[in-house]
Amino acid sequence: MIFKLNIWRQQGPEAKGFFEAHEVDASEDSSFLEMLDALNENLILAGKDPVAFDFDCREGICGSCNLVINGTPHGKHKATTTCQQYMRDYVDDKELWIEPWRATAFPVIKDLIVDRSSFDRIIQSGGYIPIRTGSACEANTLPIEKEVADRAFDAATCIGCGACVAVCPNASATLFVAAKVAHLSTLPQGQMDKDRPARLLKAMEDEGFGSCSNYRECERVCPKEIKVTTITKMNRFLYRSG
Amino acid sequence: MSEFELDSHAPKGPLQDRWKQHKFNSRVVSPANRKKYTVIVVGTGLAGASAAASLGEMGYKVKTFCFQDSPRRAHSIAAQGGINAAKNYQNDGDSVWRLFYDTIKGGDFRARESNVFRLAELSTSIIDQAVAQGVPFAREYSGYLANRSFGGAQVSRTFYARGQTGQQLLLGAYQAMSRQIAAGSVTHRSRCEMQDLIMDGDRAIGIVTRDLVTGELESHLADCVVLCTGGYSNAFYLSTNAKGCNASAIWRAHKKGALFANPCFTQIHPTCIPQQGELQSKLTLMSESLRNDGRVWAPKNKADADKRPEDIAEADRDYFLERIYPSFGNLVPRDIASRAVKQICDEGRGVGAEIDGRKLGVYLDFADAIRNQGLEAVREKYGNLFEMYQRITAEDPYQTPMRIYPAVHYTMGGLWVDYNLMTSIDGLFAGGEANFSDHGANRLGASALMQGLADGYFILPTTVSDYLARRKPIKTEQYQSQANAAIEEAQSRINRLMNAPDASVTADDFHRQLGQILWHACGMARERDTLLSAIDKIRALRDEFWHKVKITGEAEQLNQTLERAGRVADFFELAELMCLDALDREESCGCHAREEHLTEDGEARRNDMDYSYVAAWQYSGDISKPALFREYLHFDFVRPSIRNYQ
Ligand SMILES: Cc1cc2nc3c(=O)[nH]c(=O)nc-3n(C[C@H](O)[C@H](O)[C@H](O)COP(=O)(O)OP(=O)(O)OC[C@H]3O[C@@H](n4cnc5c(N)ncnc54)[C@H](O)[C@@H]3O)c2cc1C
Ligand code: SF4
Ligand code: FES
């Protein structure tokens with residue numbers, strides 16, 4: 001079936017962007033990105049520059065894909081990355097508006113591709129448990145309650161996609177930061193580093209992300225269903241350290 | 001190129017002492033001198049990130065590269081099922097020796113004893129390391145680590161983090177590496193792809209990269225280079241690998257002299273979601289762990305293939321794995337399960353969508369598991385996998401059985417390496433899926449994560465140090481001409497791609513055609529005449545590719561079409577070598593099923609007299625005429641037996 005698209009095009013970080021209209025014929029069973037693949041093959045054959053967008057695993061786990069579809073980061077199917085959206089869910093949409101993540105800390109590189117290296121730098125500021133290779137103790141000498149391990153896991157599933165930032169009116173990365181803090185600081189081996197929350201939050205601010213004022217939009221679009229209660233948990237760790 | 005003796009440098013003596021002894025014999029660099037050495041690590045998946053973190057921590061200057069926008073997105077992130085380790089926490093008789101034996105046997109006796117034993121030995125330290133980093137492995141209510149049995153193992157030795165083990169292990173390694181970046185010992189470049197190796201005579205001294213944002217070609221010189229760039233399943237176009245996975249780094253190294261070992265050993269995974277349409281871009285794996293509780297079946301009668309599964313009576317269902325392999329049942333190794341599924345579909349008993357006139361799928365049914373264990377227990381174990389399945393197919397596996405079909409998944413072949421993980425090029429190492437080392441002709445489930453991390457955390461830091469300790473730090477100023485020559489070579493290749501004389505066909509289109517040829521000739525079943533005709537077709541299509549590939553946009557900026565075309569160009573050359581290797585190996589073993597060498601029941605017939613070797617291919621200057629070196633395998637501790645899973 002024919003889909004009508006309005007796609008954000010932008011030659012480079014400094015260039016002015018604009019929406020470009022296209023039509024593409026794609027099967028309802030194709031994924032959203034396969035629909036864009038089809039468009040790009042047409043563009044190439046027509047001698048035009050294809051639309052640049054990020055992707056890799058196409059399984060919803062690597063966190064590469066990142067499109068705002070009709071105003072919603074990752075699209076309408078909840079708890080789902082862009083690459084796992086299927087066109088069968090979009091057959092009733094008259095037009096599709098496709099845009100990049102928009103945030104000061106995520107500058108556009110080209111078209112729909114943005115620079116998310118700020119997330120890497122946040123992790124570098126303290127998103128790890130320092131343990132020298134080969135110096136770990138035998139794994140079962142440290143039993144951890146299943147419930148605690150499960151809670152850590154729930155936070156650890158964050159894929160670093162940045163949808164929480166893209167949807168936030170403040171362009172805050174608090175949910176991303178909280179997920180890392182809740183993952184590591186919930187575990188006994190991660191509790192030694194009391195400054196982790198403060199350091200990560202400072203790095204977030206230094207990168208130009210806004211701060212959290214409880215819009216709770218992030219929770220709505222997070223493909224891994226990281227909850228805003230994670231932020232409450234982080235705040236508890238923060239006050240405990242202070 | 002010179003003739004040389006293939007020496008694995010595997011130590012002698014009792015198997016259990018070899019790695020210890022080897023470590024003791026390895027030289028070390030004094031801490032004060034380490035920062036004078038630069039180590040390049042290309043690829044920051046499990047193998048590369050763990051190697052970089054460990055080498056950086058030791059004090060070397062490490063430079064890392066990946067093509068994604070962050071190391072956290074490497075393909076390792078997609079591994080679902082788990083990681084093996086011989087901890088014997090379940091007290092079910094596991095041991096280092098048993099894991100060693102299972103891995104050698106699973107690989108159908110086509111791997112080196114020394115390497116595999118070391119892998120089994122190191123497996124336990126990996127779990128310790130990961131837990132200390134905060135990897136949230138599954139736990140029992142007692143608080144101790146949980147295990148499950150996985151893909152062909154009769155003991156429970158697989159550690160897992162729901163269906164996201166690869167993600168959690170990769171985040172552990174990525175975070176360890178991030179810590180070194182903050183400490184200044186590791187310098188990382190994302191969106192930066194290796195184009196070629198820089199050589200000084202026979203020695204690797206650096207790489208040329210293309211900055212994927214600006215298109216700029218740059219040279220990086222170092223005391224040694226480590227390639228951890230993953231596997232080449234995407235040669236088949238459709239595979240379970242991430243879209244960007246490619247063979248370019250190892251292939252360019254091959255063309256600079258690194259031997260390529262066992263290229264035809266490619267693993268087909270039995271449980272993937274069947275292809276739905278012609279323009280599908282990738283296949284999705286359903287974790288092997290599903291076979292622990294799911295039962296595989298197909299209709300007994302062809303006539304039932306179009307019926308809804310619910311409407312097929314129990315008596316009309318053929319639980320063929322349980323029938324053919326009563327003792328292992330649904331848990332037979334991957335190659336065996338895949339071939340059985342293919343057989344059923346070839347007989348016309350497949351179900352689901354028709355591709356090329358054939359229904360390619362069988363059922364994987366959880367009805368019994370739900371009945372016996374309850375819905376909640378099944379949801380707890382497989383919830384996220386069921387969701388993923390439903391999202392892709394719009395069918396609910398809690399209500400109706402899943403459909404599965406085999407797909408290309410993993411490549412056991414790769415750059416030939418010795419016991420030190422050094423390739424046949426001096427100063428060039430390879431780790432993770434990029435090397436050929438430990439899995440022989442078939443990899444067991446949950447063993448790739450183990451191997452990647454054993455290579456990265458424990459083996460490479462020792463062997464790279466030993467290599468550096470024998471040399472003075474290089475003076476980069478002396479090698480500018482070599483660096484410039486390599487940049488020029490990379491530039492002319494890009495120019496050629498950008499300016500095909502009759503540009504009219506997309507790289508993806510060529511890739512799909514190549515994938516079809518490979519899948520039919522060098523997939524689940526191989527046969528002489530098909531391979532010969534595939535080789536002709538690949539050569540013809542490759543010529544056409546260079547003549548007609550169409551790339552729009554500029555080379556001097558972000559250009560994903562150019563990136564893809566460069567990778568496809570390398571797949572075209574590798575594909576031929578895969579077929580040549582499959583042709584050379586006149587036996588069936590593991591994944592490699594030569595139709596001429598199967599028993600009447602369709603089981604692999606190995607030929608140890610003539611083929612108990614690693615086939616290591618050398619580039620001769622002509623892609624079609626590679627030279628074959630044989631590394632003969634010696635089994636001093638296990639006796640190669642016939643794999644029997646019945
Ligand atoms: C869907 C799926 C599920 C799996 N599940 C399991 C499992 O449960 N258990 C198990 O043990 N194994 C599993 N495997 C296999 C396992 O995940 C891989 O073999 C393993 O993760 C490979 O790790 P690696 O570090 O070698 O390579 P990768 O993780 O693929 O990393 C490759 C790195 O190289 C970089 N790179 C590649 N080419 C270039 C270049 N030219 N220039 C610069 N950088 C480059 C990439 O950016 C990346 O950083 C699974 C595989 C798949 C496909
Ligand atoms: S918290 Fe959710 S939305 Fe934000 S980066 Fe992580 S996975 Fe993406
Ligand atoms: S492409 Fe990996 S999450 Fe979408």
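Throughout, a chain's letter reflects where its sequence line sits, starting with A, and its residues are numbered from 1. Atoms considered below: every heavy atom in the structure, side chains included; atoms not considered: hydrogens, waters and symmetry mates.
Expressed to the nearest 0.5 Å, how far CD of Q84(A) lies from CZ of R391(B) amounts to 6.0 Å. Interatomic distance, OG1 of T561(B) versus CD1 of I44(A), reported as 4.0 Å (0.5 Å rounding). Rounding to the nearest 0.5 angstrom, the gap separating the CD atom in Q164(B) from the NZ atom in K224(A) is 6.0 Å. How far OG of S125(B) is from CD of E138(A): 9.5 Å, rounded to the nearest 0.5 Å. Here the straight-line distance linking atom CG of D111(A) with atom CD of Q560(B) works out to 8.5 Å at 0.5 Å rounding. Rounding to the nearest 0.5 Å places CZ of R179(B) at 14.0 Å from OG of S125(A).
Both the backbone and the side chain of S64(A) have a heavy atom closer than 4.5 Å to some heavy atom of chain B. For chain A, the nearby part of Q168(B) is the side chain; its heavy atoms alone come within less than 4.5 Å. T186(A) does not touch chain B: none of its heavy atoms, backbone or side chain, sits under 4.5 Å away. Neither the backbone nor the side chain of A26(A) comes within contact range of chain B; no heavy atoms are under 4.5 Å apart. Both the backbone and the side chain of F153(A) come within less than 4.5 Å of a heavy atom in chain B. Both the backbone and the side chain of I392(B) come within less than 4.5 Å of a heavy atom of chain A. For L187(A), the part lying near chain B is the side chain, with the backbone staying farther off; criterion is any non-hydrogen pair under 4.5 Å. Of the atoms belonging to I181(B), it is side-chain heavy atoms, and not backbone ones, that fall under 4.5 Å from chain A. Using a 4.5 Å cut-off between heavy atoms, S504(B) touches chain A through its backbone atoms (N, CA, C, O) alone. Proximity to chain B is limited to the side chain of R88(A), based on heavy atoms less than 4.5 angstrom apart. Proximity to chain B involves both the backbone and the side chain of I131(A), based on heavy atoms less than 4.5 angstrom apart. Only the backbone of T393(B) comes within contact range of chain A, with at least one heavy atom under 4.5 Å from a heavy atom of that chain. Residue D89(A) does not touch chain B at all, counting heavy-atom pairs closer than 4.5 Å. Neither the backbone nor the side chain of A138(B) comes within contact range of chain A; no heavy atom of the residue lies under 4.5 Å from a heavy atom of that chain. For Q80(B), the part lying under 4.5 angstrom from a heavy atom of chain A is the side chain only. Of the atoms belonging to I127(B), heavy atoms from both backbone and side chain fall under 4.5 Å from chain A. Contact of L283(B) with chain A is made through the backbone alone, with heavy-atom distances under 4.5 Å.
Of the residues H75(B), K243(B), Q68(B), the one that meets the side chain to side chain donor-acceptor pair (under 3.5 Å) test with D56(A) is Q68(B).
The environment of Y141(B) atom OH is sparse: at most 12 non-hydrogen atoms of other residues, nucleotides or ligands sit within 6.0 angstrom. In this structure, E395(B) places its CD atom where more than 12 heavy-atom neighbours from other residues, nucleotides or ligands lie under 6.0 Å away. Crowding of E145(A) atom CD: a count of heavy atoms from other residues, nucleotides or ligands under 6.0 Å not exceeding 12.
Heavy-atom pairs under 4.5 Å with chain A were tallied for E387(B), E554(B), R512(B); the largest tally goes to R512(B). Of all the listed residues (H188(B), Q175(B), E140(B)), the one sharing the greatest number of non-hydrogen pairs under 4.5 Å with chain A is Q175(B). The choice from S27(A), A52(A), G60(A) that makes the most heavy-atom pairs within less than 4.5 Å of chain B is A52(A). Ranked by heavy-atom pairs under 4.5 Å with chain B, the first of A156(A), A149(A), G190(A) is A156(A). For the options P188(A), S30(A), G47(A), G126(A), heavy-atom pairs under 4.5 Å to chain B are most numerous at G47(A). Counting heavy-atom pairs closer than 4.5 Å to chain B, the top-ranked of the candidates A152(A), G12(A), G160(A) is G160(A). Ranked by heavy-atom pairs under 4.5 Å with chain A, the first of M58(B), Q180(B), Q133(B), R72(B) is R72(B). Heavy-atom pairs under 4.5 Å with chain B were tallied for L184(A), T80(A), D115(A), T141(A); the largest tally goes to T80(A). Interface check for chain A: of the options A161(B), P461(B), C245(B), G277(B), the most heavy-atom pairs under 4.5 Å are formed by A161(B). The greatest number of non-hydrogen atom pairs below 4.5 Å with chain A, out of A78(B), S281(B), G553(B), A182(B), is found for S281(B). When each of L33(A), I129(A), I144(A) is checked for heavy-atom pairs under 4.5 Å with chain B, I144(A) comes out on top.
The two residues Y174(B) and I123(A) make their nearest non-hydrogen contact at OH-CG1, 3.7 Å. Nearest heavy-atom pair across D508(B) and E41(A) is CB-OE2, 3.6 Å. Scanning both residues, A139(A) and V131(B), for their nearest heavy atoms gives CB-CG2, 4.0 Å. Q557(B) approaches D49(A) most closely through the heavy-atom pair OE1-OD2, 4.3 Å. Between L171(B) and K180(A), the closest heavy-atom pair is CD1-NZ, 4.4 Å. In terms of heavy atoms, I159(A) sits closest to R73(B) at O-NH1, 3.2 Å.
Distance alone, capped at 3.5 Å, is enough to place a donor-acceptor pair between the H183(A) side chain and the G134(B) backbone. One N or O on the side chain of T552(B) and one on the backbone of K48(A) form a donor-acceptor pair closer than 3.5 Å. Not a single donor-acceptor pair under 3.5 Å links the side chain of Q167(B) to the backbone N or O of I61(A).
Note on D154(A) versus R162(B): salt bridge recorded, some NZ/NE/NH1/NH2 to OD/OE distance being below 4.0 Å. Salt bridge annotation for E380(B)-K146(A): present, with a cationic side-chain nitrogen under 4.0 angstrom from a carboxylate oxygen.
Using a 4.5 Å cut-off on side-chain heavy atoms (C-beta onward), K87(B) and N140(A) make no contact.
Under 3.5 Å, the side chains of Q276(B) and D29(A) contain no donor-acceptor pair of N or O atoms.
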*Under the side-chain contact (heavy atoms from CB on, under 4.5 Å) rule, what do R191(B) and D54(A) come out as? Steps first, then yes or no, please.*
CA-CA 11 Å; R191(B) 295 196 199 269; D54(A) 261 328; 2.9 Å; yes

